[in-house]
Amino acid sequence: MKYLFSLLFIGAFFNGVAQEITGQQLLDKAIKVHDPSGNWNSFKGNLQVTMSTPDKPARVSDILIDLPAQKFSVAATRDSVITIYAVDKENTSVDKKDLRSPETKAVSSDKDNERAVFMKNYYTYLYGLPMKLKDEGTHIDPKVERKTFKGKEYLVVKASYNEAVGSDVWFFYFDPISYKMEIYQFFRTDQKGNIKPDSGEYILLSDSHLINGIHMPKVRKWYYNKDDKFLGADVITK
């Protein structure tokens, strides 16, 4: 009887939290957990991320993010080929080098330069979460949902974006007690802005890597929403 009462109390408390807290309030609490000293906007640091995917060699990416100087670079090594994407304010560069050859080849097509900007936005966004949800063009739904995912209950924030930023809809799952971000999930949308339920992916976050006072997820595991198929994992290895 005591056990049942405890479960009912926890459930009532959890539901009350979801009803009383707004999306922005939950986001503020989560940011306080991941970036307690407010260091993100002045972040300058290096990290190494190893990506493993089924049936492919691992890719090791050495990343520099320097927000004050507006600089970014990633040197991605797979097999014997290193591809270096760099963005310095408005300038981009892409270099490719085969470790079996002494030469480095500069690549300057529009597609390669667009890829450099994409890589900057990709890594800065994912490793800057949840702080990046404060960026201009991001719309946080004021309603906090209560969802169960993989047998655990979460407080969930929905984020959508201005057209210039992106058309995907994202959901961020936070532990209801610690406010730690443990999952994020995105869906594609149709021309009317409706979510395509069988599209997109979810990403499970685990462990923590502390850099410049910011707690980043050390391990990210990617899966398809439609069938839970495992796509790969990113691990901060340095």
Side-chain angles (χ1 to χ4, degrees), residues 27 30 33-34 40 45-65 72 74-79 81 83 85 114-133 135 138 145 147-161 165-175 178-190 195-211 214-238:
L27 178 57
V33 170
H34 290 272
W40 173 249
N46 299 83
L47 59 153
Q48 183 184 84
V49 177
T50 300
M51 182 183 76
S52 57
T53 53
D55 304 321
K56 289 185 179 180
R59 185 181 73 191
V60 179
S61 298
D62 292 292
I63 303 162
L64 164 69
I65 299 174
F72 167 86
V74 54
T77 304
R78 174 171 274 167
D79 290 332
V81 178
T83 306
Y85 298 95
E114 289 173 2
R115 182 68 176 172
V117 174
F118 170 82
M119 296 295 275
K120 176 184 79 75
N121 293 337
Y122 172 83
Y123 281 110
T124 303
Y125 180 76
L126 289 182
Y127 285 104
L129 288 170
M131 294 73 72
K132 289 289 288 179
L133 295 178
D135 283 3
T138 304
E145 294 185 75
K147 290 185 179 181
T148 299
F149 198 100
K150 302 293 183 182
K152 179 176 177 178
E153 290 186 310
Y154 292 94
L155 298 178
V156 182
V157 166
K158 177 183 176 182
S160 57
Y161 302 87
V165 178
S167 59
D168 295 343
V169 174
W170 287 68
F171 295 87
F172 297 87
Y173 293 68
F174 300 98
D175 183 278
S178 68
Y179 301 113
K180 181 180 178 182
M181 181 178 64
E182 295 187 356
I183 304 166
Y184 36 75
Q185 180 180 37
F186 69 90
F187 293 88
R188 309 297 185 191
T189 57
D190 59 24
I195 288 176
K196 299 178 180 179
D198 289 334
S199 68
E201 302 160 13
Y202 65 88
I203 301 91
L204 305 181
L205 313 174
S206 59
D207 300 330
S208 180
H209 179 80
L210 182 64
I211 176 170
I214 298 173
H215 296 273
M216 297 181 178
K218 184 176 182 179
V219 180
R220 299 183 304 175
K221 294 183 178 179
W222 299 71
Y223 300 83
Y224 279 131
N225 285 323
K226 62 182 179 181
D227 56 9
D228 293 320
K229 180 181 178 181
F230 175 66
L231 296 174
D234 298 333
V235 181
I236 297 179
T237 45
K238 188 184 295 183

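Each residue takes its place number in the sequence, starting with 1.
Taking the six-membered ring where tryptophan is involved, the planes of Tyr123 and Phe72 are essentially parallel, since the angle between them stays under 30° and well short of 60°. Between Tyr122 and Trp222, the angle of the ring planes stays under 30°, which puts this pair in the parallel group of the 30/60° scheme.
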Checklist entry - Where do Asp168 and Arg188 land on the side chain to side chain contact (heavy atoms under 4.5 Å, CB included) test, with the steps shown first? => result CA-CA 5 Å; Asp168 295 343; Arg188 309 297 185 191; 2.6 Å; yes
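For the pair Ser208 (side chain) and Pro217 (backbone), a donor-acceptor distance under 3.5 Å is absent. With Ser178 contributing its side chain and Asp175 its backbone, the two residues share no donor-acceptor pair below 3.5 Å. For Ser61 (side chain) and Ile63 (main-chain N/O), no donor-acceptor pair under 3.5 Å exists by modelled atom type. Judged purely by atom type and a 3.5 angstrom limit, Asp79 has no side-chain atom pairing as donor or acceptor with the backbone of Val81. Between the side chain of Thr124 and the main chain of Asn121, no donor-acceptor pair closer than 3.5 Å is present. Side-chain N or O atoms of His215 include none that pairs as donor or acceptor with a backbone N or O of Leu210 at under 3.5 Å.
The existence of a salt bridge linking Asp234 and Arg220 is confirmed by a sub-4.0 Å separation between a basic side-chain nitrogen and an acidic carboxylate oxygen.
In the model, Glu201 has no side-chain atom that pairs as donor or acceptor with a side-chain atom of Asn225 under 3.5 Å. Defined by atom type and a distance below 3.5 Å, a donor-acceptor pair is present between the side-chain atoms of Tyr202 and Lys150.
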Side chains of residues 48-59: which donor-acceptor partners sit under 3.5 Å, not counting sequence neighbours?
from	atom 1	to	atom 2	distance (Å)
Gln48	OE1	Thr237	OG1	3.0
Gln48	NE2	Asp62	OD1	2.9
Thr50	OG1	Thr237	OG1	3.1

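Residues that satisfy the ring pair (Phe, Tyr, Trp, His ring centres under 6.0 Å) test with Tyr125, not counting sequence neighbours, are Trp170. With sequence neighbours left out, Tyr85 forms a ring pair (Phe, Tyr, Trp, His ring centres under 6.0 Å) with no residue at all.
Atom NZ of Lys221 has 12 or fewer heavy atoms from other residues, nucleotides or ligands within 6.0 Å.
For the pair Lys226 and Tyr224, the cation-pi criterion (under 6.0 Å, within 45° of the ring axis) is fulfilled. Lys147 forms a cation-pi arrangement with Phe171, by the criterion of a distance under 6.0 Å to the ring centre and an angle within 45° of the ring axis.
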